[in-house]
Amino acid sequence: MRNRYNKIWRLEDGNGGWCNTSGSIGLKAQEYFQELLQTSTSIDPSGHFDSLRSKISNTMNRRLTQLVLEREIKFVVPHVGVQDKYVGLLFVVGRSKRTAYDFIKEKVTKKLHHWKRSLLSIGGKEVLIKELGTTIHLYSLGCLKLLNTLLEEIQKAMVFFWWGQRGNERKMHWIDWNVLCKVKSEGGLGFKNLKAFNLAMLGKQAWRILTREHSLVHKVFKNKYFCTVSFVEASVGANSSWAWWGLLEGRKVIDKGLR
């Protein structure tokens, strides 16, 4: 089978003759486009720009460049609500960390209650619980040490869903959940232990800070929390952020692995 391509066999020049070779055809085409794209007259565009009407006035420019006043900051900060999030992380966390991240539990339970109405097989329940265990706000689990009570209630909802418990009814839990969280080769089903998963994600972030000293996150935390010591020797300190406290919890996981 022969492939056919579009090809110019000959091209007329400006003198009435013909260019028959590929070299002369290419040279003629190059000359044509060079003449087409370049101009012989110099045009000053400043006059055209001056005639355009400006949409940004000098007053608007002064407002953009002026300093932000203290009263303006005090007015804006209280209006930053707890629902303002980025990739699942709240911009502002109040004193009650449980209340701030209770929406994760509500989201999981809502999804489980939705599927309780359907007649799922054992395999379908297994896939759904594993999907929830791996996608449940990975940014939150990888950046913050969530409260144990919150993780326990989320795991409790998964347990009830697995054994088919609805509402206040009680069902027999034939196997301990910690056994089901083991890998299948050890007799489990490979479900996620949310507490261990949270610590593993934090340990991953702590390892990145420990090994990538030129990264932006390492520089920010070093200037804030461990200016004179290394990350291994850093302590919690006073008024530490929730993220820093979570990273130190992840560092404990690394310490256990290094021993």
Side-chain angles (χ1 to χ4, degrees), residues 85-91 93-105 107-108 126 129-159 162 175-259:
K85 297 187 290 292
Y86 177 71
V87 294
L89 296 177
L90 297 173
F91 288 145
V93 179
R95 293 184 178 181
S96 177
K97 297 181 177 61
R98 171 57 192 272
T99 305
Y101 280 88
D102 201 48
F103 71 92
I104 300 178
K105 173 195 168 185
K107 187 174 182 180
V108 173
E126 178 184 352
I129 292 177
K130 287 182 178 179
E131 186 267 339
L132 284 175
T134 54
T135 61
I136 170 178
H137 284 268
L138 289 179
Y139 284 102
S140 300
L141 293 174
C143 298
L144 304 172
K145 176 64 175 68
L146 298 183
L147 300 179
N148 291 333
T149 55
L150 177 62
L151 296 177
E152 289 172 359
E153 291 184 6
I154 296 175
Q155 188 165 288
K156 186 177 180 181
M158 294 180 179
V159 172
W162 173 253
I175 304 176
D176 187 76
W177 186 256
N178 293 326
V179 177
L180 296 178
C181 290
K182 295 181 179 180
V183 295
K184 291 187 176 181
S185 60
E186 297 180 0
L189 291 175
F191 292 150
K192 293 290 185 184
N193 185 323
L194 296 182
K195 293 182 183 180
F197 186 55
N198 190 191
L199 291 175
M201 295 291 290
L202 292 173
K204 185 176 181 180
Q205 296 293 343
W207 180 255
R208 288 179 176 176
I209 293 179
L210 182 63
T211 56
R212 301 181 182 180
E213 297 182 355
H214 299 288
S215 62
L216 178 61
V217 64
H218 177 91
K219 295 178 181 178
V220 171
F221 279 108
K222 183 173 181 60
N223 292 331
K224 178 68 176 178
Y225 297 111
F226 54 103
C227 299
T228 58
V229 296
S230 64
F231 176 66
V232 179
E233 301 171 344
S235 58
V236 178
N239 298 325
S240 298
S241 64
W242 195 6
W244 175 246
W245 180 65
L247 286 173
L248 294 184
E249 291 294 320
R251 191 187 62 181
K252 294 179 182 178
V253 179
I254 298 178
D255 293 339
K256 292 180 181 179
L258 295 177
R259 292 175 182 175

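Note that SG of Cys181 is 9.0 Å distant from CG of Leu189, once rounded to the nearest 0.5 Å. Taken to the nearest 0.5 Å, the CG atom of Asn148 stands 4.5 Å off from the NZ atom of Lys195. To the nearest 0.5 angstrom, Leu180 atom CG is 10.5 Å from Lys182 atom NZ. Taking NZ of Lys192 as the start and CD of Gln155 as the end, the distance is 12.5 Å to the nearest 0.5 Å. Rounding to the nearest 0.5 Å gives a distance of 7.0 Å between CD1 of Ile154 and CG of Leu146. Considering CD1 of Ile254 and CG of Leu247, their distance stands at 9.5 Å, rounded to 0.5 Å.
A distance-only check finds a donor-acceptor pair linking the side chain of Trp244 to the backbone of Ser235 [under 3.5 Å]. Looking only at distances, a side-chain donor or acceptor of Trp242 sits under 3.5 Å from a matching main-chain atom of Lys145. Judged by distance alone, the side chain of Arg251 and the main-chain N or O of Phe231 form a donor-acceptor pair under 3.5 Å.
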Quiz: residues 217-225 side-chain donor-acceptor pairs under 3.5 angstrom, not counting sequence neighbours:
residue : atom : partner : partner atom : Å
His218  : ND1  : Ile209  : O            : 2.8
Lys222  : NZ   : Phe226  : O            : 3.3
Lys222  : NZ   : Val229  : O            : 3.2
Asn223  : ND2  : Lys219  : O            : 3.1
Tyr225  : OH   : Ser241  : N            : 3.2
Tyr225  : OH   : Ser241  : OG           : 3.0

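Annotation for Gly250 and Ala206: closest pair C-CB, 4.0 Å, computed over non-hydrogen atoms.
Between Glu153 and Lys156, no side-chain nitrogen of the basic residue sits less than 4.0 Å from a carboxylate oxygen of the acidic one, so the salt-bridge criterion is not met.
A perpendicular orientation is assigned to the rings of Trp162 and Phe191, their planes being inclined by more than 60° (bins at 30° and 60°).
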Step-by-step side chain to side chain contact (heavy atoms under 4.5 Å, CB included) determination, Leu202 to Val253: CA-CA 9 Å; Leu202 292 173; Val253 179; over 6 Å; no
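Every residue two or more places apart in sequence or in another chain that forms a side-chain contact (heavy atoms from CB on, under 4.5 Å) with Asn178 is listed here: Asp176, Asn193.
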